[in-house]
Amino acid sequence: MAKKDLNDDLFAGGSISGDEKKSKRAKKSKTPKSPSKKGIASNTIRIIKAVVACVVVVALLVTYVATGAVRKGFIHSTLQWTTNLTAVTVKSDDGEKARIPVSTYNYYFAMTYNNLMQSQSTYEQYGLDLETYNLDVDFDKPLSKQTTTNDDGEVITWLEYINDQVVDSIKSTYTYYLEAVKANGGEEPEITEEQQSELDSTLTEYAETASGYGYTLSGYLVAAMGKGVTESVYRREATRAYIAQNYTDTLNNESSEKEYTDDELNAYKDEHLQDLQSVSVRIFEANTEDDAIAFKNALKGDGSNFTDLAVQYSDEGFDKEYYSDPGASTRLYATRDSFINQGGAYAIAVSDDNHEESDEQSESDKESESDEHSEEEELSYPGLDWLFSADRKAGESYQYSTTVVYIISPVELSDVSTVNVRHILISPITDDDDSTSPQDATDEQWETALSTAQDILNQFNNGDKTEDSFASLATENTTDTGSSSNGGLYENVSPGDMVSTFDSWCFADDRSEGDTAIVRSQYGYHIMYFSGRTGTPVWKYSAENSLSTEDAKTAAEQLEESYKVSVNWFGSRYFEKDVDIDN
């Protein structure tokens, strides 16, 4: 089985949510999230954000010192002067240059090393195969004595692999940092107050931990991260990572504001028509193929008993209640890619290749099957070929493996508009364990959540019933951190962006501005407020996003290609490595 690129997991934060390890039913729908936006589609952003994310992961450094695994010779080294040697040089074609000292290399090495350890631990916790995710490194053995395969198919040591990741991280971060400085008239831009507060808070926590082990803050950082990684180095590198991230955000914002002519959009539509067409269906994923066959055989020609059958063939507990809502099994204006991007939630959207492999795969492997093929590899989806065929008609039904689908409207280029919607999420309170899913809540806890949601909706209805008042209630009450700061608002929502019940309510034909309702999902009760349709057809919005992403990606690639990175041989002699093991 092919390994995934380490970047895909290590630099993406190296963690998976508890929801990903729930049943297939939980995987079918995603947490309400912001629709995909136009902007840079580059691995660089993941790298930079990972560096920033590491700034606030206190536990990573605590682990080293608390377990006594202080790297040998860091504090008492007589070669501290070597940390000012040039380790890496990042230089642009027009002469912009940054000489990266050994201390900075050590900072990035520690971040990358710790991220890898955390990623491996998290994936092991969920029973995922480490080899599949290229995380099968043994930290109890020298990294220089273990091999892996890089992106070019070359067999190299894990130490070389991590070094390559470190150099890539430095190049990516400093490329955008230097561009940010250049764009700011040669002066280093300031980071936001929130970022500064986050950094100060992190270092305060480090200082308190360091004191508990008898270290100064700088001594503690050196002990955990390597020679030269003092408080001032940590502050400098964290700040520069923030600046790099802020600059990529600026480029993204500029990209998202770019407008395209009708001719450009129509040309894109003609070239990518199949990707933009959609269907509206009722769909259910049974636990077994026998159940799917029985479901299909019992389904009436007009689909009127689809909800009853979905409840009948659902698992006991949450699912039966969830599928009693017709919106739970309804997908309106779904594109071919939106099915595929569900990550194998429906058998009809799993490629032939993965169906053939599934008999020998573990459950965890099956859950990751959609990620195991390269973008260039053309996969076949016979189930989707049937569903998106021009021969389909409304009222047809189909059973493919464990999937049952009923066609509401066949494939077409829909003019349905994106929508703006606000919501207030009230999740059932279970216990203090963050890993507990709302789906594990008791009936009483769900009833309490519903009562709370109804009280809030009543409060809205008894007030002036304006969008502003709803936004205020959302800010005060929602448990959705993704929209709490902007009054529960999601803009330019497209079909498939939200969980099924949320989606179905938003895109109902009779939906009107100012409509409210309470909708249940696996995450809780959503108090809905329909802000209105944007007037932009979903296909046009998708085309704008795709064109913008392509243009931004091209611009980013050109920018990154204009910068080169080189490793200083003499400086590299003083790089920190996994010296606890290798020396």
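The shown structure was predicted, so the numbers you read here are calculated from the model rather than taken from an experiment.
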Are the side chain of [X] and the backbone of [Y] linked by a donor-acceptor contact shorter than 3.5 Å?
| X | Y | answer |
| --- | --- | --- |
| Asn305 | Asp308 | no |
| Ser389 | Asp385 | no |
| Ser417 | Gly535 | yes |
| Gln118 | Asn115 | no |
| Thr478 | Leu425 | yes |
| Trp446 | Pro438 | yes |
| Asp503 | Pro495 | no |

Mind checking whether [X] and [Y] have side chains closer than 4.5 Å, heavy atoms only?
| X | Y | value |
| --- | --- | --- |
| Ile518 | Leu450 | yes |
| Thr448 | Ile429 | no |
| Tyr381 | Ile340 | yes |
| Arg336 | Gln277 | no |
| Phe306 | Pro326 | no |
| Leu116 | Val137 | yes |
| Tyr322 | Ser314 | no |
| Val405 | Ile348 | yes |

Check: [X]/[Y] side-chain N/O donor and acceptor closer than 3.5 Å:
| X | Y | result |
| --- | --- | --- |
| Glu285 | Thr402 | yes |
| Gln454 | Asn458 | yes |
| Ser255 | Asp551 | no |
| Ser531 | Glu513 | no |

Give, for atom [atom1] of [X] and atom [atom2] of [Y], the distance between the pair rounded to the nearest 0.5 Å.
| X | Y | atom1 | atom2 | answer |
| --- | --- | --- | --- | --- |
| Asn134 | Asp151 | CG | CG | 8.5 Å |
| Asn545 | Glu550 | CG | CD | 11.0 Å |
| Thr148 | Glu131 | OG1 | CD | 9.0 Å |
| Asp468 | Ser472 | CG | OG | 7.0 Å |
| Ser548 | Glu257 | OG | CD | 10.0 Å |
| Asn477 | Ile527 | CG | CD1 | 7.0 Å |

Restricting to non-hydrogen atoms, name the atom on [X] and the atom on [Y] that form the minimum distance, rounded to 0.1 Å.
| X | Y | result |
| --- | --- | --- |
| Ala310 | Phe295 | N-CE1, 3.5 Å |
| Ala449 | Ile426 | O-CG2, 3.7 Å |
| Tyr313 | Asn287 | O-ND2, 4.2 Å |
| Ser280 | Leu332 | OG-CA, 3.6 Å |
| Ser401 | Ala292 | O-CB, 3.4 Å |
| Val281 | Ile407 | CG1-CA, 4.3 Å |

[atom1]/[X]: more than 12 non-hydrogen atoms of other groups inside 6.0 Å:
| X | atom1 | answer |
| --- | --- | --- |
| Ile293 | CD1 | yes |
| Lys300 | NZ | no |
| Asp443 | CG | no |
| Glu289 | CD | yes |

**Study point:** side-chain hydrogen bond (donor to acceptor under 3.5 Å, both in side chains) evaluation trace for Ser546 with Tyr268
**Key:** CA-CA 9 Å; Ser546 296; Tyr268 182 90; 3.1 Å; yes
Among all residues two or more places apart in sequence or in another chain, which pass the salt bridge (Lys or Arg N to Asp or Glu O under 4.0 Å) test with [X]?
| X | value |
| --- | --- |
| Arg282 | none |
| Glu396 | Arg392 |
| Asp275 | none |

Point to revise | Positive for side chain to side chain donor-acceptor pair (under 3.5 Å) with Thr418, one of Thr536, Asp497, Asn492 | key: Asn492
Check your understanding: Taking it one step at a time, do Trp539 and Val416 satisfy side chain to side chain contact (heavy atoms under 4.5 Å, CB included)?
Key -> CA-CA 8 Å; Trp539 76 262; Val416 65; over 6 Å; no
Practice item. Evaluate the criterion side-chain hydrogen bond (donor to acceptor under 3.5 Å, both in side chains) for residue pair Tyr490 and Asp480; output intermediate values, then yes/no. Key: CA-CA 11 Å; Tyr490 283 109; Asp480 174 25; 2.8 Å; yes
Point to revise | Pairs involving residues 519-529, ordered by first then second residue, that meet salt bridge (Lys or Arg N to Asp or Glu O under 4.0 Å) (sequence neighbours left out) | key: Glu321-Arg520
Practice item. Evaluate the ring planes of His526 and Phe502, with Trp represented by its six-membered ring, and classify them as parallel (under 30°), tilted (30 to 60°) or perpendicular (over 60°). Key: perpendicular
Counterpart residues, side-chain contact (heavy atoms from CB on, under 4.5 Å), relative to [X] (two or more places apart):
| X | value |
| --- | --- |
| Ala471 | Arg422 |
| Ser338 | Arg331, Ala334, Thr335 |
| Ser469 | Phe460, Asp464, Thr466 |

Please list, chain by chain and in numerical order, all residues satisfying side chain to side chain donor-acceptor pair (under 3.5 Å) with [X], sequence neighbours excluded.
| X | result |
| --- | --- |
| Thr479 | Ser427 |
| Arg533 | none |
| Ser542 | none |
| Asp515 | Arg511 |

Practice item. With Tyr398 as reference, evaluate Phe284, Trp386, Tyr346 under the ring-ring contact (aromatic ring centres under 6.0 Å, His included) test and give the passing residue. Key: Trp386
Exercise for review: Mind checking ring pair (Phe, Tyr, Trp, His ring centres under 6.0 Å) for Tyr333 and listing every partner two or more places apart, or none if nothing turns up?
Suggested key: none
Point to revise | Sidechain N-carboxylate O distance under 4.0 Å for Asp291, Lys296 | key: no
